[in-house]
Amino acid sequence: MNETEADTLTATLSPTKRQLLQKIQGQLHKAVTFSEALPEMEEGLLQFLEAQRITVYQNGRDGQEILARFKSGLELHEIRLPLSANSIAGYAALSGRCLNIRDVYQAELLSQIHKTLKFDSSFDKRSGFVTRSMMVVPIKFSAPLLGVLQAINKVGGDAFSDQDLQLAQLLADLLAKKFHEEFEGTDGPYDLLVNKQLLSREKLDELHKRAKKEAVTLTSLLIGELKIAPELVAASLESYYQVPFLRYDPAIVPPKRLLRKLNMSYLRRQLWVPLAGEIDEEIVILIDNPSDVGRQMEIQRALPAKKYVFRVGFSEDILQYLGGGSISSYLHGLAGKLEEEDVEEGESSDEGMETGEVNENENTIIQLVNRLIVDAHRAGASDIHVEPAKGSSPSKVRLRIDGICRPALEIPSTHIRAVLSRIKIMARMDIAERRKPQDGKIVIKLKGTPLELRVATIPTIFGEGAVLRVLASGGALPYDNLNLSERNYQELDRLLAIPQGIILVVGPTGSGKTTTLHAVLGRINTPDRKIWTAEDPVEITQAGLQQVQIDHKINFGFAEALRAFLRADPDVILIGEMRDRETAHSGIEASLTGHLVFSTLHTNSAPETIVRLLDLGLDPMNFADALLGVLAQRLVRTLCSHCKQHYKPSESEWQRLRNLYGEEPFAELAISQSDAVLFAPGGCSKCGKTGYKGRTGIHELLIGSAEMKKSIALRSRVDQLRSLAQKEGMRTLLQDGVAKVLKGQFDLQQLLRVTSEEPA
């Protein structure tokens, strides 16, 4: 729970509970240790949570168990629980999950949480106390576990509520700060080194970046380059993870009886190794990050035991226990011919993977990812979706082809994490971070053809998912291939001859706006014009353009690029997107000072674009003066030319087309029912049995005429702007689509997928 959430929750408390909370805070502050404060504050904790009993466990220093101390008479007693699914509190400690259980005696409820989770009723049998409802909340400060708060039986109620669970989390946060002070813990694995002034925070951040870029560990840079003693680095890791550190000792040999149950390449990839113990008993695990809950759960599945003793170690030492191997090879995976490129420097590898060829010496994961990229490129996919599945179910991979997702293959549950790690390595991402979304980029060559993939990973309830956007580098589409109607072609051509003003291309994500803009720029790209573009990302390159890549990490956005362009003697400027008032205002100002400006917006239609920009706070008069035109578009799947089937439209279908276009303007199409021929999808090997291959555009072009400028200045409504534009010759997306249905480019079903069925 962050501070804002905690403050909001505290503000909603009753005066009585707020006083109790303040009292608990005071008692914690005064006490030297939590154990000293517990007897005095126990009653307040019970009242605050309205519970019959409360137990507070603290993490053992050895990282193998949690323990709670309490007095009975003059004797001090302890409850010790292993970090495992053998107990409710132990499972909460291991998994990091908050639990609210209505009845601990209902085995079905517990198995839904974890299949091996059980309630130990021996205490109830000995004491006569009957446990029913239970809340269990991990006590954490940053990542490492510090303890567990357990409340039993709601006073005057059947079970604890969700609000009770929030109150327990609030208490757990207070206890975490106290435990953190007691353990003298740090907020990061290397903070102790910073505190001892062995390096600065800035230097640590710099080394983090270098470690990722150079495929080395941070510890190797700290020890090898900064000459920090390994013992101090080990002490820093101990301070953060709160478990003992263990260096490589050749006298310690991982038991073969345990290793036989595991795959060595899996262990090298996961960076952990069992050093001692027996199945179903106690096992000692050496791992580079003991707070990684995901790996802890995997360890439990792979090596079931009653107790797990964790030790933290250097990655290099773990690999030595596993038979050697460099950390660099771990970070990069086994080298295949599909090579990553230094995308920051924008260089291209001279050697690329030949399409369709995979080195037989590559391991399964390398081959799988290579094949996935090759097949997606060959199929003309725009996106690759890697989607995790529940439990042991295979994960799905789907390709988006012509705007539609198609199943491609299934990845076994045993391979999916390795596949995602390989993708993240290629995209220069942090492979250890699985809890937060990440973005990256892969640049490769396939038979000498450069190929760029934008990668986004997102954590889901079943694990990480990834989407790879395929951006094949290439030139601009010819202007004549935009499939503009005759009117739109001539009018847009006329607007391009005007030396100043603004032209907008609008539509949803994936509607082809960038392709259209580059086709338009190709039309006016002559030696006598200086053209600057700011794009995110640069997908299409053209000789003669000065193209700039936006980088939000260094606060270089569209507005900053536009300001820079205006100092660089431009004739034409392309701004990738008008996302905010500052960018839109700067674009309008640039168009009013003698420049031809192009940009995009995510709007549904041309008239709506005008209202959206005015809502951003633009001056209506200035915008009206600057506007040359707005081109709205969509992409529609086209019928496969090899298998499409022609037929004569029925009376009802013909009338529907007339209604969609509009009875009055339909005459301009100059086609009768008797002459009309429509087409339907077939299905052949060329189109993957779908009946569709490729996409084309439908458009509506609003012109900034004198009447339109006057209407904009008066802040007219969308329907008024649309009516005026249609009066002046604009045909809507739906009308343009109907005309192309009658030309046999696609069928009505595909048109209605991307437009409203009812005419505006």
Side-chain angles (χ1 to χ4, degrees), residues 2-3 140-144 177 180 183-242 245 271 287-292 295 312-318 326-328 330-332 340-347 421 423-443 454-459 464 536-537 549-557 560:
N2 59 44
E3 289 187 13
K140 291 176 134 186
F141 192 93
S142 186
K177 293 174 184 175
H180 184 66
F183 290 161
E184 297 179 350
T186 52
D187 295 338
Y190 304 99
D191 281 9
L192 185 65
L193 304 178
V194 176
N195 297 341
K196 290 181 177 293
Q197 299 183 345
L198 295 172
L199 78 163
S200 65
R201 183 72 60 186
E202 293 73 21
K203 184 66 176 177
L204 182 61
D205 292 340
E206 176 194 328
L207 292 178
H208 266 296
K209 293 175 183 176
R210 277 190 53 197
K212 290 179 184 178
K213 184 177 180 180
E214 298 172 14
V216 296
T217 61
L218 185 55
T219 53
S220 68
L221 294 176
L222 292 169
I223 296 169
E225 191 168 299
L226 296 189
K227 306 302 181 185
I228 297 175
E231 294 76 14
L232 289 173
V233 179
S236 187
L237 295 176
E238 276 191 341
S239 176
Y240 177 67
Y241 291 115
Q242 294 297 310
F245 182 88
L271 278 180
I287 188 170
D288 70 319
N289 179 0
S291 67
D292 187 333
R295 277 190 287 173
V312 62
F314 294 147
S315 304
E316 295 87 347
D317 290 350
I318 296 171
S326 71
I327 193 65
S328 179
Y330 157 71
L331 292 172
H332 281 302
E340 302 163 56
E341 304 190 4
D342 191 342
V343 296
E344 293 184 358
E345 297 178 5
E347 297 177 356
S421 292
I423 291 170
K424 290 165 75 174
I425 288 168
M426 295 172 69
R428 308 279 181 179
M429 295 178 177
D430 183 356
I431 60 173
E433 180 56 75
R434 299 188 184 96
R435 299 166 299 173
K436 297 189 298 186
Q438 294 188 66
D439 295 307
K441 182 163 61 174
I442 299 171
V443 182
R454 274 190 297 165
V455 183
T457 61
I458 301 176
E464 275 188 301
D536 184 21
Q549 173 73 53
I550 293 302
D551 189 348
H552 295 289
K553 294 179 182 177
I554 59 172
N555 294 320
F556 182 63
E560 290 77 17

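Keep in mind the model is a prediction, meaning the values are calculated, not measured.
Under the 3.5 Å distance criterion, the side-chain polar atoms of Q438 are matched with a main-chain donor or acceptor of D430.
From I431, atom CD1 reaches atom CZ of R434 across 7.5 Å, with rounding to the nearest 0.5 Å. One finds the CG atom of L193 at 11.5 Å from the OG atom of S200 (value rounded to the nearest 0.5 Å). In this structure, E464 CD and R435 CZ are separated by 11.0 Å, a value rounded to the nearest 0.5 Å.
Every residue meeting the side chain to side chain contact (heavy atoms under 4.5 Å, CB included) condition with Q549, not counting sequence neighbours, appears here in chain and number order: D536, P537, V538. Contacts of R210 classified as side-chain hydrogen bond (donor to acceptor under 3.5 Å, both in side chains), with partners at least two apart in sequence or in another chain: E214, E225. For E560, there are no side-chain hydrogen bond (donor to acceptor under 3.5 Å, both in side chains) partners two or more places apart in sequence or in a different chain.
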Tell me, with the steps shown, if I223 and F314 meet side chain to side chain contact (heavy atoms under 4.5 Å, CB included).
CA-CA 11 Å; I223 296 169; F314 294 147; 3.9 Å; yes
Set out, in order, the CA-CA distance, both residues' side-chain angles and the distance that settles salt bridge (Lys or Arg N to Asp or Glu O under 4.0 Å) for E206 and K209, then state yes or no.
CA-CA 5 Å; E206 176 194 328; K209 293 175 183 176; over 6 Å; no
Worked verdict on L226 versus L207 for side chain to side chain contact (heavy atoms under 4.5 Å, CB included)
CA-CA 10 Å; L226 296 189; L207 292 178; 3.7 Å; yes
Audit row: T219, E316, side chain to side chain contact (heavy atoms under 4.5 Å, CB included) steps and yes/no:
CA-CA 9 Å; T219 53; E316 295 87 347; 3.7 Å; yes
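Looking at heavy atoms from C-beta onward, I423 lies out of side-chain contact with T457 at the 4.5 angstrom threshold. For the pair F245/V233, no side-chain contact is recorded, criterion being any heavy-atom separation below 4.5 Å from C-beta on. Counting heavy atoms from C-beta outward, R454 and D439 have side chains that stay 4.5 Å or more apart. Between L199 and L222 there is a side-chain heavy-atom pair separated by less than 4.5 Å.
Contact detail for D191 and R201: the closest heavy-atom pair is OD1-NH1, 2.9 Å. Between P437 and P459, the shortest heavy-atom contact is N-CD, 3.7 Å. Taking all atoms of both residues into account, the shortest heavy-atom contact from L218 to A211 is N-CB, 4.0 Å. For P189 against S236, the heavy-atom pair with the smallest separation is O-OG, 2.6 Å. When every heavy atom of D288 is checked against every heavy atom of I318, the shortest pair comes out as N-CD1, 3.4 Å.
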